[in-house]
Asker: 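Before anything else, here's the structure in question.
Proteins get letters first, then strands, A, B, ... in listed order; numbering begins at 1 in each. Predicted model, so just to flag it, every value in this text is computed and none were measured.
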Amino acid sequence: MIADTREVLVEVKNLRVEFKGKGKKPFVAVKNVTFDIYKGETFGLVGETGSGKTTIGRAIIRINPVAEGEIRFKGQRISGIIPKELDREVTRKIQMIFQDPMASLNERAKVDYIVSEGLYNTRNYKDEKDRQAKVEKALLEVGLLPEFASRFPHEFSGGQRQRIGIARALIMEPEFIICDEPISSLDVSIRAQVLNLMSSLQKEKSLTYMFISHDLSVVRFIADRIAVIHKGEIVELAETEELFRNPLHPYTRALLSAIPVPDPRVEREKKVLVYDPRVHDYSVHKPKWTEIRPGHFVLGNEAELSQYEKLLAS
Amino acid sequence: MTAKEEKTISAIEEQELFTFAEFDEEASERTGYSNYSYWGSTIRVFLKNKSAVTCLIIMISLLAFTFIQPYLPNQKNPITVHLDPNTGRQLMNHPPSKEYWFGTNSIGQDLWARIWSGTRTSLLIAIIVGVWEVAFGIAFGALWGYVRQLDALITEIYNVIHNIPTTIIMMLLAYIMRPSFKTMILVMCATGWLGMARFVRNQIIIIRDREYNLASRCLGTPTSRIIMKNLLPYLVSVIVMRIALSIPGTIGWEVFLTYIGLGLPIDTPSLGNLVNEGRRLIMSPSLRYQLIFPSAVLSLITVSFYIMGNAFSDAADPRNHW
Amino acid sequence: MSEPILSARDVVVKFSLRGQILTAIRGASLDLYEGKTLAIVGESGSGKSVFTKTFLGMLDANGWVDSGSIMFEGMDLAKLKTEREWLKIRGKKIAMIFQDPMTALNPLRTVGMQIQEVLELHQGLKGEEAKARTIEILGQVGISDPAMRYHQYPHEFSGGMRQRVVIAIAVACNPRILICDEPTTALDVTIQAQILELIRGLQKKLGLTIIYITHDLGVVANVADDVAVMYAGDIIEYGTAEEIFYNAQHPYTWALLSSLPQLGIKGQPLYSIRGTPPNLFNEIKGDAFAPRNPRALKIDFVKRPPYFQVSPTHYARTWLLDPRAPKVEPPATIKAMRAKYARDAI
Amino acid sequence: MNMIRYTLRRLWQSTVTVFIVLTAVFLLMRLLPVEGYFKDAYDKMQPEQRENILRSLGLLDPWYIQLKNFYAKLFRGDLGQSIVYRPKVPISEILSAKIPYSVKFGLTAMALSLALGLAMGVIQAREKGKFWDKIFTAYIVFINAVPAAVYLIFTQLYVTSVTKLPILFDRTKPSSWILPAVSMSFGGIAGYAMWMRRYMVDELNKDYIKLARAKGMSSTAIMVKHVMRNAFVPMAQYLPTSVLATISGSIYIESLYSIPGMGGLLVDAISIQDNTLVQALVLIFSSLGIIGLFLGDVLMALFDPRIKLEKRGGAR
């Protein structure tokens with residue numbers, strides 16, 4: 001566990017994101033979120049509907065404004081108002097893959113335009129021929145035929161569309177890709193294709209991923225480290241196997257226990273834990289984000305932390 | 001098992017059947033292919049609607065005819081007052097004849113020529129108003145829908161104006177200004193775009209936050225290109241439909257304003273004026289042709305555009321595509 | 001083995017869509033046993049939903065059962081035509097719950113009324129009596145403070161709570177068979193676990209027979225006694241949960257199991273299925289899965305395989321089980337599962 | 001509680017809107033051609049005479065004084081006096097004689113439109129794509145596309161000649177009530193049928209209908225208990241507006257059949273250029289529009305439990 005020697009690519013510090021709702025009080029979607037993403041890793045962010053996981057991803061890619069705290073990319077602050085030069089660089093280096101391949105492609109544009117859109121914006125091509133060559137290469141990289149460039153998105157299946165979405169991100173030659181539930185709306189038989197593609201691209205191009213998902217079993221397969229988010233707050237963060245071996249926070253444990261396992265004998269024996277936020281008594285001692293073991297963070301107050309210590313010791 | 005299957009099987013050696021087949025990866029990638037294009041399908045679905053196609057043909061020929069009619073031989077001037085060659089007096093209310101195809105009106109003008117002249121005027125007004133509605137409505141609606149800071153303010157203003165019946169606004173404006181071709185256009189332009197703007201705003205709000213627009217923002221696409229490439233292409237079909245539907249609407253308003261005495265000056269033939277003139281003669285059955293002819297042309301135009309507009313909106317809906 | 005409560009044989013369902021005929025179900029057969037849970041797994045478009053809808057006469061207006069039989073209580077459901085005949089089955093004998101609890105309830109009527117409606121319809125209860133029973137059922141499906149909740153509208157309920165209400169409606173019918181069409185797909189994992197537990201509890205208490213439709217093999221492992229695997233409108237493998245998970249025979253079942261990330265090994269690529277499912281507008285020749293199956297035999301492209309019996313409860317539609325077929329090694333994941341099965345069996 | 005708060009909020013909004021609209025309309029009225037304040041004598045008068053008359057009417061004061069006076073009078077229920085129509089007669093007096101006719105015709109037409117329109121819509125939704133749906137759709141297309149003046153004139157023309165019903169309205173002849181009331185309902189029938197059909201088809205495609213069928217409800221029961229009720233709710237919103245619109249008189253029909261109601265009055269006032277009368281009528285019609293929308297929103301909130309929780313969505 002020598003986390004310190006690894007290069008930090010993205011830093012998120014005390015992030016808070018608010019939405020102006022219908023009432024006067026803003027809705028707090030994310031609060032007190034702090035984590036680092038190391039270069040070359042896959043960072044998993046797991047939470048349920050409305051937990052704020054997508055909001056964090058969108059804050060990093062600067063679609064959602066940051067209310068408090070800051071986000072740094074390669075040491076430079078990229079949240080709030082930033083110089084034009086940096087803005088252009090960040091736009092290129094950070095890309096996103098979306099959840100719903102049916103909604104994330106412009107139905108009225110040809111695949112050629114969809115994939116080249118980023119190129120047009122950054123003028124990152126010599127001439128028309130070079131642009132076409134880049135589109136062709138990007139399509140081949142995701143396992144699609146170059147002839148698909150002249151077609152419209154509705155001609156493709158969900159899996160193919162998702163790969164077009166990946167090609168659109170790849171053509172920017174990004175360093176960091178935020179994957180927002182990239183496989184959850186795909187059919188079971190297609191999921192493996194996309195996961196494999198993502199892993200092989202990561203190796204080839206030394207990409208860093210942030211993998212947002214509600215499905216712990218998928219994240220376990222793909223992520224190096226996992227952060228668990230509940231109602232806008234990260235409650236636990238650890239290396240994948242550490243998290244599965246020693247889940248500390250009661251919410252993490254409930255979540256782990258609920259994952260269905262495709263093995264009837266295991267599944268029928270399992271006990272599902274239910275998380276009740278009332279188990280925390282935060283009236284006197286406020287919870288703190290604490291590194292309880294190197295690389296293993298958990299949210300808890302003093303009493304809880306000492307209890308977690310005991311758990312880890314046993 | 002069918003006989004055909006049997007035959008194919010016996011043709012191949014049975015042993016060979018139980019060997020591995022070659023696996024073609026590209027073929028498996030191609031299985032999802034379908035040959036679909038949005039506009040192609042829209043046109044195909046539209047052309048399947050027989051009544052709409054009939055209306056389209058009628059309207060195209062009618063439009064063409066209105067414009068070439070004055071240049072045809074033997075056409076009369078719509079405002080010339082014809083005199084009876086025998087008496088030298090106005091040829092009043094002359095029934096349809098070889099010379100005057102649709103007869104003459106109460107001061108001896110040729111009704112046939114007046115109808116085509118009136119159709120030209122009315123269609124011109126309708127098209128000017130329609131284009132304005134679309135141009136201004138879209139610009140305003142896009143602003144309204146896309147710039148979040150403006151939404152609340154414009155919505156409030158819209159609600160206030162929307163709360164007053166359109167009829168009242170139009171009558172008031174037409175009353176304040178003197179009747180003329182310009183007044184007519186101004187009055188209708190003043191109200192029609194509102195509905196269009198609201199419609200565009202609602203559409204844009206629906207489309208605005210779809211994931212593919214987020215994707216464009218992530219790629220750093222400038223707003224102008226997002227509007228051009230991501231939003232407007234989705235609105236084109238709607239725009240075509242709105243123009244088609246605004247034409248019968250505008251003609252209807254023209255008839256209304258003329259009816260209550262706020263229409264075009266009487267010396268400018270328009271469908272509204274002709275119907276209104278005809279209405280005055282309602283009590284004498286022999287003169288009813290002066291009401292029937294203009295009404296028939298008017299109804300043909302409005303019904304056709306209405307049917308075409310609706311058929312097009314159905315055709316443009318991807319759910320009706322195959 | 002006991003008699004099945006419902007038995008479908010060679011069911012063919014067709015739809016007419018814009019002048020073309022789509023064969024959604026291509027001769028599927030199924031046996032359902034009293035008190036058991038049968039899970040039907042398949043991808044979207046495999047026809048799992050359509051197939052079960054025929055048990056209730058709830059196909060869309062452009063669809064029909066073309067041939068085959070569905071025997072239930074001595075009746076052939078495939079022969080029922082009029083709404084009057086179906087009303088004797090729907091709700092009364094066979095009930096169904098749907099995927100999205102957010103839209104399954106009428107937003108303008110109170111939750112209580114929507115349940116009570118069923119009691120009045122099927123059990124002839126009236127007024128106060130019906131209300132009391134409704135509140136009792138609400139409590140039974142795990143809704144706290146049911147007397148207060150009775151008067152609330154669906155929008156005042158969370159997704160999981162709404163699904164409980166939908167289940168309450170189904171239970172209020174007092175059916176013999178309950179068809180659950182992906183009831184937890186739209187819900188979070190923790191809520192999903194609770195709903196699964198609720199369904200299991202109700203099954204035990206009320207002696208329900210359940211058909212559970214899902215694409216999630218994890219859920220199948222949780223709920224199923226028996227499993228039917230569907231692909232392109234056909235049931236290609238059928239067996240007990242153990243048989244399907246530990247001793248699968250059809251290449252498609254192998255592929256499904258092997259492509260699950262839960263069973264994958266980190267750092268190694270997952271087994272992946274290439275291509276897309278066939279277009280059901282076209283006639284399908286031979287084994288529908290053959291074009292995507294790297295282990296396909298030539299005969300798979302020519303002739304449709306029959307069911308080969310693996311055990312009294314387990315059969316599969318694949319030529320690989322034919323004695324003439326060459327020996328085919330299943331993917332590593334499947335071998336690992338088989339090994340585990342063998343170990344456990346000893 | 002929610003309901004009361006919601007109603008009060010909407011009432012406040014509507015009051016503000018009425019105030020804005022009245023002010024705007026009043027200011028617009030200052031642009032009216034001044035001839036409208038002089039009966040027929042305008043051309044014969046000397047400029048000084050004209051000025052004197054305008055001054056006596058308070059029209060030469062600065063606009064804010066005029067506005068203040070206008071509101072002061074309005075609060076006393078004084079809408080001014082007619083100038084040309086019935087000189088020196090208070091407008092409120094003219095109106096009170098007209099309103100009963102408009103109300104009677106309006107309510108009859110409203111009842112007819114609702115009964116026939118809703119029934120037509122329901123039949124169309126049930127028989128979607130079949131014979132009756134097509135026939136009724138043709139009717140709806142006709143009514144929506146052809147200007148009202150045209151079909152109303154032809155109705156008057158041919159129905160009176162075929163049925164021997166009187167061609168003009170006569171208070172003393174009950175049979176003269178029939179045709180105007182029926183003609184007045186033509187548009188409403190088409191409108192209600194069109195929307196009812198659309199909303200019912202929308203509802204029929206919703207998921208809860210599937211569940212209702214799976215419950216074992218007959219399709220008739222589903223129609224009555226779920227679909228029709230739910231489809232009617234969005235229409236409830238426009239109900240008060242159309243009630244108020246019909247009882248305030250139909251401009252076309254009242255003038256076609258010479259019915260002494262409010263709608264015909266507006267046409268008369270415009271044609272004889274009676275400015276104060278036009279102003280009063282415009283103010284009344286605009287306020288009725290706003291009141292209608294307010295009542296519609298409240299009615300809708302009564303039917304739909306979800307509305308009260310949300311803020312009003314503004315543009316619909």
Asker: With D:Arg198 as the cation and D:Trp195 as the aromatic partner, state whether NZ or CZ is under 6.0 Å from the six-membered ring centre and within 45° of the axis.
Answerer: yes

Asker: Take the angle between the ring planes of C:His155 and C:Tyr153 and call it parallel below 30°, perpendicular above 60°, tilted in between.
Answerer: parallel

Asker: Under 30°, 30 to 60°, or over 60°: which ring-plane class applies to D:Tyr101 and D:Trp177, parallel, tilted or perpendicular?
Answerer: parallel

Asker: Take C:Asn62 and C:Ser16 through the test side-chain hydrogen bond (donor to acceptor under 3.5 Å, both in side chains) and record every step on the way to the result.
Answerer: CA-CA 6 Å; C:Asn62 59 342; C:Ser16 108; 5.5 Å; no

Asker: If I measure from the heavy atoms of chain D, does C:Ile169 come under 4.5 Å with its side chain, its backbone, both, or neither?
Answerer: side chain

Asker: Between C:Leu108, C:Ile94, C:Thr110, C:Ile179, which has the largest tally of heavy atom pairs under 4.5 Å with chain D?
Answerer: C:Leu108

Asker: Does a side-chain N-to-carboxylate-O contact under 4.0 Å join C:Glu182 and C:Lys48?
Answerer: yes

Asker: Determine which residues belonging to residues 108-143 of chain D lie within contact range of chain C, meaning some heavy atom pair is under 4.5 Å apart, and list them by number or answer 'none'.
Answerer: none

Asker: Output, in order, the C-alpha distance, side-chain angles, deciding distance and verdict of side-chain hydrogen bond (donor to acceptor under 3.5 Å, both in side chains) for C:Arg200 and C:Gln203.
Answerer: CA-CA 5 Å; C:Arg200 249 190 327 232; C:Gln203 175 176 36; over 6 Å; no

Asker: At a 4.5 Å cut-off on heavy atoms, which part of D:Lys210 comes close to chain C: side chain, backbone, both, or neither?
Answerer: both

Asker: Run the salt bridge (Lys or Arg N to Asp or Glu O under 4.0 Å) test against C:Asp76 and tell me which residues pass, sequence neighbours left out.
Answerer: C:Lys79

Asker: Kindly give the heavy-atom pair with the smallest separation between D:Ser14 and D:Ile290, and that separation in Å.
Answerer: O-CG2, 3.9 Å

Asker: Tell me, out of D:Glu203, D:Lys225, D:Arg213, who's got the most heavy-atom pairs with chain C below 4.5 Å.
Answerer: D:Arg213

Asker: Mind checking salt bridge (Lys or Arg N to Asp or Glu O under 4.0 Å) for C:Lys92 and listing every partner two or more places apart, or none if nothing turns up?
Answerer: none

Asker: Sort out for me which of C:Met113, C:Gln114, C:Arg109 touches chain D most, counting heavy-atom pairs under 4.5 Å.
Answerer: C:Arg109

Asker: Can you check whether C:Phe51 reaches C:Val11 side chain to side chain, under 4.5 Å on heavy atoms?
Answerer: yes

Asker: Which is it for C:Glu43 and C:Ser46 under the side-chain hydrogen bond (donor to acceptor under 3.5 Å, both in side chains) test, yes or no, and what are the steps along the way?
Answerer: CA-CA 5 Å; C:Glu43 299 176 59; C:Ser46 61; over 6 Å; no

Asker: Give a yes or no on this: more than 12 heavy atoms of other residues, nucleotides or ligands lie within 6.0 Å of atom NZ of C:Lys53.
Answerer: yes

Asker: Please output the residues of residues 116-138 of chain C in contact with chain D, using a heavy-atom cutoff of under 4.5 Å, in numerical order.
Answerer: C:Glu117, C:Val118, C:Leu121, C:His122

Asker: Shorter than 4.5 Å, heavy atoms on both sides: which option in C:Cys173, C:Pro107, C:Ala95 has the most such pairs with chain D?
Answerer: C:Pro107

